[in-house]
Each structure stands twice: as C-alpha cells, then as structure tokens.
Amino acid sequence: MDAPLSPRESARFVAENSRDVLVDLEGVRRAAELLLPAASAWRVEQWKALHELNPRGSDEAALNWVFLVDTLNFSFWAEQEERKCGVRYGGRAYTGYWALCAAVNRALDQESLNFLFKGIPITSASYYATVTLDQVRNLFRSDTAVPMPLIEERHRILNETGKILLDKFGGSFLDCVQKSEKSAQKLMHLVVENFPSYRDVAQFEGKRIAFYKRAQILVADTWSVLEGKGDGCFEDISSITMFADYRLPQILVYLGALKYSDELLKKLLRGEMLSNGDKQEVEIRGCSIWCVELIRDCLLELLEKRGEKPQGEINSVLLDFYLWDYARDHRDDMRGIPFHHTRCIYY
Ligand SMILES: Nc1nc2c(c(CN[C@H]3C=C[C@H](O)[C@@H]3O)cn2[C@@H]2O[C@H](COP(=O)(O)O)[C@@H](O)[C@H]2O)c(=O)[nH]1
C-alpha cells in the first residue's frame, strides 16, 4: 500500500477538492486579528501549568502519563449534551477529555497507596498490557449515569499498546521519544508505524491521506510536557499540524473561518452521525487543518507587518491548544454551532 500524503499535504488536497466545507479567507484574516494579542505571548513552557490535571514533572513518569492519556484521547462526546460521562476528582467534576485525565489521576492516587503495599500504577505498560475489561470499566468509571464511550475499544487498545510498548520500547515511552532523535516527524512516524490505533488515515478523491490526529497531539503533548527542552527539543515542531478533532471545526465555524454548505449544516443540526472516512467527515477534518495552517500564516504576516517579534513562538500546535481551550471557555457562546458526530478511536 503506497504511503499516504502527509497531514499538511492531505489538508491542502482536501481543501482544494472540498464541496461541503469551505475555508473562508476573510474569516481567516479576522480570526488572526482576534488571536494576535494572545498569540504574541504564547510560549511552550506555559502550557503544562495552565491545566491542573496535567502532570507537573518532565520525567519518565510524566511521559508515560502523556502516552497513556493520548492513547485513549478520543470520542468523549455524548448524544445529549446534558447526559454525559463525568468524573469527580479533587473536589471538582470533569467531563470530556478532562474526565479521562481525572480518571487516570484518580487511579494513580489510589494505585500509589496500593503501590506502597504492592499495586501497579495505571501508567505502566506492564499493567495495562494485561488489564482486564472489568478493571478498565472500574478505572474509567463515571460519577454520572453515563459511562465513558467506547470502553471496550479502550480496553482492547490498552492491551495492544501496552504489549507493543513492552516488546519494542522496554515499556517506556521515553525510549520511543529518544529513538526519535529530537525530530517531531520521526516521533510521529515511529508512533504510527508501531501502534495500530494511531493510524488515522482515509481515502479521498482517489488519494490516500493521513490526519494522524492522536499521533500529532502525542508529539505536541510530549513537546509541552518536556517544555521544548532536552529530548523534547524538536527542531521541526512547526511541521506538526493542528489536531483534527470534533471541537476545533466548531470553533473555526464560530469564528467565521470555516463554512459548511446548507445541506451539511442541516445534517449536523439534526445530530446525524457521520462515519469515520465519509467524504463530508474528511472534508470537515481536512479543511479545519488547512484553515489553522492559514490562520498561523496570517498571524506571522501580521507580526511581520508590525515589525513585532513574538515572545515565544507561533506554530500550529500552540494555535491549536489555544483554540481548543478557547472553545471550552466559550461553550455557551457556541451553542448554535453544531459539532460533527463521529464515533471512532481516532479523535
Ligand atoms: N484539537 C485538539 N483536540 C483536543 C485537544 C485536547 C486536550 N489538549 C489539551 C490538554 C493538554 C494541552 O494543554 C492541551 O491544551 C483534547 N482534544 C480532543 O478534543 C475532543 C474532546 O473534547 P471535549 O469533549 O470538549 O472534552 C477529543 O476529540 C479530544 O481528542 C487539543 O488540545 N486540541
């Protein structure tokens, strides 16, 4: 099978051949203007501390936490927004992606007590390579009546991924990072080649394309947790694209940078499911990636024109992180904008 186009080339190809989704250049420019004040202050060191559930350290344990979480980082959306999985931790209730992180930290707290007496921490491959479905149901149990979606797939993926990490990387994601020799692209391809659940690919207009959403966010979270230093000093981090999930398209439509055809908008407003790999699902994901690439280019142009240098760096990773956080903080403003419902293990 021929190798797929890179995520960036896949996004360009989809945007050039899309029928139901449009990247609106005027909207891209307006979004860049809106984001510019924040963008010039983005620095990789700040990100980890922004969220209380992120690991604090930059050691092997923190990397194994990131690898476990990003291996399960998919499909938290609920059919009814008010009936969704939730996890209470540290006196707070978390939903969505943060419910996953809260469940992992809840287990680590419990496990670390047992660990003193004999337990095995959830982030170690030797644990999740053979964890049972019942144990996974308990580890990721919801504190609401709604369980975390795709729990059987999560169990299968944990066993598969744990076994491979043990066989090929001595059970440590740090080993995988070190084998990437400070290249983001090399790490992304190492992950996709070795771990089947990360192979986020599709067929579009006769071409094989790749979005690699979870592999790219794993590289980004590795860069973030290592604060861009040491093994995480990826000189090609700016080649990583935005992560094509189901939240970013929603915020890009809200900002006016992405537009849906009437037919597609009606379908999404009805909450109709799109299958992973469907033409319209691929168009939403591919155009979103291309849209963020253009917003990033616009930000750099605006700074250039103003003769300003950013304090940190402006790349698609930090732009994506910011937009994703922005979407979570503006959930109510975005009520009228639907997000697409696809149930799969890739995002
Ligand atoms: N494009 C993009 N997608 C992201 C993230 C994250 C979490 N990253 C943060 C954590 C550490 C860093 O500090 C990042 O700020 C999760 N997701 C995706 O969203 C969906 C969950 O949404 P909801 O149901 O509302 O929780 C699901 O597909 C999940 O895979 C991101 O950053 N970018």
Side-chain angles (χ1 to χ4, degrees), residues 7 11 38 42-56 62-63 65-81 83-87 93-105 142 146 148-150 154 157 197-198 200 211-228 240-252 254 258 276 281 284-285 288-289 291-293 295-296 315-332 334-335 337-347:
W42 291 335
R43 286 190 326 287
V44 63
E45 308 81 71
Q46 81 189 50
W47 232 271
K48 191 165 51 175
L50 266 187
H51 300 291
E52 71 273 11
L53 296 182
N54 282 338
R56 284 289 156 264
L63 284 177
W65 187 97
V66 162
F67 183 63
L68 171 72
V69 164
D70 279 334
T71 294
L72 298 174
N73 187 359
F74 56 83
S75 212
F76 303 104
W77 60 268
E79 276 73 13
Q80 288 102 5
E81 194 50 24
R83 278 181 44 74
K84 63 192 302 185
C85 164
V87 173
Y94 295 93
T95 62
Y97 164 81
W98 292 119
L100 169 70
C101 298
V104 170
N105 291 354
S142 171
V146 186
M148 191 176 287
L150 299 181
R154 295 180 202 274
I157 288 171
S197 81
Y198 281 85
D200 175 7
F211 295 144
Y212 294 155
K213 182 259 173 194
R214 284 204 288 111
Q216 293 203 90
I217 200 169
L218 173 57
V219 173
D221 284 341
T222 299
W223 180 61
S224 165
V225 103
L226 295 177
E227 299 179 2
I240 295 291
T241 72
M242 154 280 207
F243 322 116
D245 71 324
Y246 52 85
R247 288 291 175 210
L248 264 277
Q250 191 180 22
I251 181 86
L252 293 172
Y254 170 72
L258 205 64
N276 179 231
E281 187 247 8
I284 292 172
R285 300 182 77 202
S288 299
I289 294 175
C291 185
V292 169
E293 294 294 285
I295 294 174
R296 183 219 40 215
N315 57 41
S316 297
V317 168
L318 296 180
L319 177 46
D320 175 289
F321 281 170
Y322 183 84
L323 285 170
W324 191 83
D325 286 342
Y326 188 101
R328 288 221 68 151
D329 300 343
H330 294 76
R331 191 60 44 94
D332 291 345
M334 297 196 317
R335 246 183 218 303
I337 315 272
F339 63 89
H340 69 285
H341 287 180
T342 295
R343 193 63 83 195
C344 73
I345 64 166
Y346 298 108
Y347 63 98

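From a predicted model like this one, the values you see are computed outputs, not experimental measurements. Numbering of ligands and ligand atoms starts at 1, following listing order.
- In this structure, His340 has its ring center closer than 6.0 angstrom to the ring center of Tyr347.
- For the residue pair Tyr346 and Ser75, no side-chain donor N or O sits within less than 3.5 Å of a side-chain acceptor on the partner.
- Near ligand 1, heavy-atom contacts under 4.0 Å come from Trp47, His51, Asn54, Asn73, Phe76, Gly96, Tyr97, Trp98, Lys213, Ile217, Asp221, Phe243, Asp245, Tyr246, Arg247, Leu248, Asp320, Phe321, Trp324, Asp325, Arg328, Arg331, Tyr347.
- Between Asn276 and Glu281, the closest side-chain pair of non-hydrogen atoms falls below 4.5 Å.
- Every residue meeting the side chain to side chain donor-acceptor pair (under 3.5 Å) condition with Lys48, not counting sequence neighbours, appears here in chain and number order: Ser58, Glu227.
- In this structure, the side chains of Trp77 and Lys84 stay at 4.5 Å or more apart for every pair of heavy atoms.
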Thr241/Gln216 under side-chain contact (heavy atoms from CB on, under 4.5 Å): CA gap, chis, key distance, verdict: CA-CA 7 Å; Thr241 72; Gln216 293 203 90; 2.8 Å; yes
